[in-house]
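Reviewing the structure listed below.
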Amino acid sequence: MRIHPSPATTAGGSCGGKKDLRRLPHVYSKVLELPFPADTDVAVFEGPDAFHFVVSAAAALAGEVRVRTVRIHPGVVRVVVQAGGGGVHDDGDDDDMELDKWRSRLPEASCPAMAVAGYVNGQLVVTVPKGRGGGEGDNDGGEEAWRCCNGGKISGRLVVVQ
Amino acid sequence: MGNTCCVAPATTDEVGAPPRDHHHAAKKSPAPSATTTTATRQRHGQEPKPKPKPRARAKPNPYDWAPPRVLPARGGAAASAVRVLEGVVPHHPRLRVTDKYQLGRELGRGEFGVTHLATDRATRERLACKSIPKRRLRTAVDVADVRREVAIMASLPDHPALVRLRAAYEDADAVHLVMELCDGGELFDRIVARGRYTERAAAAAARTVAEVVRACHAHGVMHRDLKPENFLYAGKAEDAQLKAIDFGLSVFFRPGERFREIVGSPYYMAPEVLRRDYGPEVDIWSAGVILYILLCGVPPFWAETEQGVARAILRGAADFDREPWPRISRAAKSLVRQMLDVDPRRRPTAQQVLDHPWLHHAARAPNVPLGDVVRARLKQFSLMNRLKKKAMRVIAEHLSVEEVEVIKDMFALMDTDNNGRVTLQELKDGLTKVGSKLAEPEMELLMEAADVDGNGYLDYGEFVAVTIHLQRLSNDNHLRTAFLFFDKDGSGYIDRAELADALADDSGHADDAVLDHILREVDTDKDGRISYEEFVAMMKSGTDWRKASRQYSRERFKTLSNSLIKDGSITMAR
């Protein structure tokens, strides 16, 4: 289970008084988080085998994108799409519970651990496959960071979901 | 008006159906609506780019993606297909929310929508309209949540602690919920502003929260998202009605039914939710977290990350040792512990919470935050020079409404004959009434220390000054305000003349010896005036034990002198 480094603004473990009471986003068992403000326009399409989240070219960021799976608790998974350069752990951790971020609850039938992200015709597309049995897809596989090519189709890698 | 009448019967019929069937229906019907909704959005937003490509059917690749083909057909069928509230409220194709209500300024912004002031065009009644854009309803689950929220709000009874849904509308872009207006701000904001509540104020808020839980559970509704952000005050008054406003994650339940869906908010979520096996007792846990926060200002289960918060919740070990918990009453702690029992079977019901002695006799809960630290601070206060005490009174005039409320209550509690002054006997009776641990000599010390003009009574200003010192409410903003009060000419210094002005008594005279004493003590750089830094140092300094004896003697001498003068005055009158 990942342990995120503590933000510098607050001392770890000790209570800093009023600062500790903050507004935080909701908790769901499966959440997709994109690196955009909460009110960004994202189109959602449901296909027979997957959900597709599409961000228009104007809003999408340039550069490489990665998909990171954050396990909050067994049964609680957040898929975080990160954009731009920098280390894997640098840019996402600081705002771990930031409120103004685009998030969507994912249906129980989805397998967030198998999500991939990439650019198709200049649009950022995040694909979250559906699972067959509706079990906890987050238990499959590790915390891989999926990498995709720019500007082309998502890799044709075929994953058998059981 | 007519529309409002139509809404209630329809939703009542909806509630008449068994909750399980309703839940089942909600799961089925939203799916096509969601798909069509997003398809419609796509059609508006961008050009479809179909990419026909032959591929073996036996091995479909879920990662291949192309925009789906959109049916060109439009019309009534398509319009009805995108309706989120199908079956929840009656459909009027041409009725718009703005026909009946004039939408005004933005009142707030939440995770799913924006709330505006809504004025009834006919009656001019002010309401609130929460608009949920359909583009924020990303999946079938989101659609089901909105449908259920509307059905639940329509099914709940009229209750002072529940915000009332007046009407629901839907157009091509959004769902609009017209509700009672609550413009007194969130419970969250008041908690952050106050830091923590007195027991009496905490009990009043907790009673409302428990009443909300009781009313919901009695009507087969589990809230699942109780938190201070979801409670609004109906008005700005200190005693305004507190109301629950958001049922976005609520669900109908039947006795004994178990749920496994993980929904909630960090800090407030019950441990059994994370274990995916829970019932309505989760709301009691959330209410217990809210009560813990009201009494001490910080959440009981806290960490830097969501993982840490989840682990803290599962451990369920709330801290009752850290300040201020030792000074909180046994009854209050007992109730919080019961509500935060990790075993949901041992948790009290909402009615049992309401019947708990601490909450049942809420009006008797202590509203005076006196404690063991009082003695030390009283002694410190008696040794203060008069400028510092005067500054305390200036600060008092700039306290926020919430800060003044507690002090006002204390004064009113002690001023039993309501003449605006507190005698020593009234002070003793009042302190005893609130369960103060002060002994009589200490009460006399309190009277002597606070009675700046030495007339044998505490007026309200004197009472506030000593209370501020006991509570250490001073902060930098208050200090700056107080300093500017004394620095009449704005030179950045308090000179001797300004000091004499500030400390003049009713006869308009300030004792030269007192002025000399204060300047000698406060004017550390000996330039004959008091700078802001010297002022702050004075205000924040504690007792200098080397001076304690001498200063205390001076204060006693002054008091004795006043008494002698009074005796002399009495003699002369005879």
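Throughout, a chain's letter reflects where its sequence line sits, starting with A, and its residues are numbered from 1.
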Determine the minimum heavy-atom distance between [X] and [Y], stating which atoms define it.
{"X": "B/P266", "Y": "A/P25", "result": "CD-O, 3.1 Å"}
{"X": "B/V263", "Y": "A/Y28", "result": "CG1-CD2, 3.8 Å"}
{"X": "B/L249", "Y": "A/H26", "result": "CD1-CD2, 3.5 Å"}
{"X": "A/V70", "Y": "B/Q307", "result": "CG1-NE2, 3.5 Å"}
{"X": "B/R276", "Y": "A/G75", "result": "NH2-O, 3.3 Å"}

Electrostatic pair A/R23-B/E186, nearest N-O below 4.0 angstrom: yes
In terms of heavy-atom pairs under 4.5 Å, which option from B/D225, B/D142, B/I262, B/L274 contacts chain A the most? B/I262
For B/E229, the side-chain hydrogen bond (donor to acceptor under 3.5 Å, both in side chains) test, sequence neighbours excluded, returns none
For B/D145, all residues meeting side-chain hydrogen bond (donor to acceptor under 3.5 Å, both in side chains), sequence neighbours excluded: A/R105, B/R148
Does the side chain of B/R311 reach to within under 4.5 Å of the side chain of A/H73, using non-hydrogen atoms? no
Heavy atoms, side chains only, cut-off 4.5 Å: are B/W302 and A/L21 in contact? no
Checking heavy atoms, do the side chain of B/A310, its backbone, both or neither come under 4.5 Å from chain A? side chain
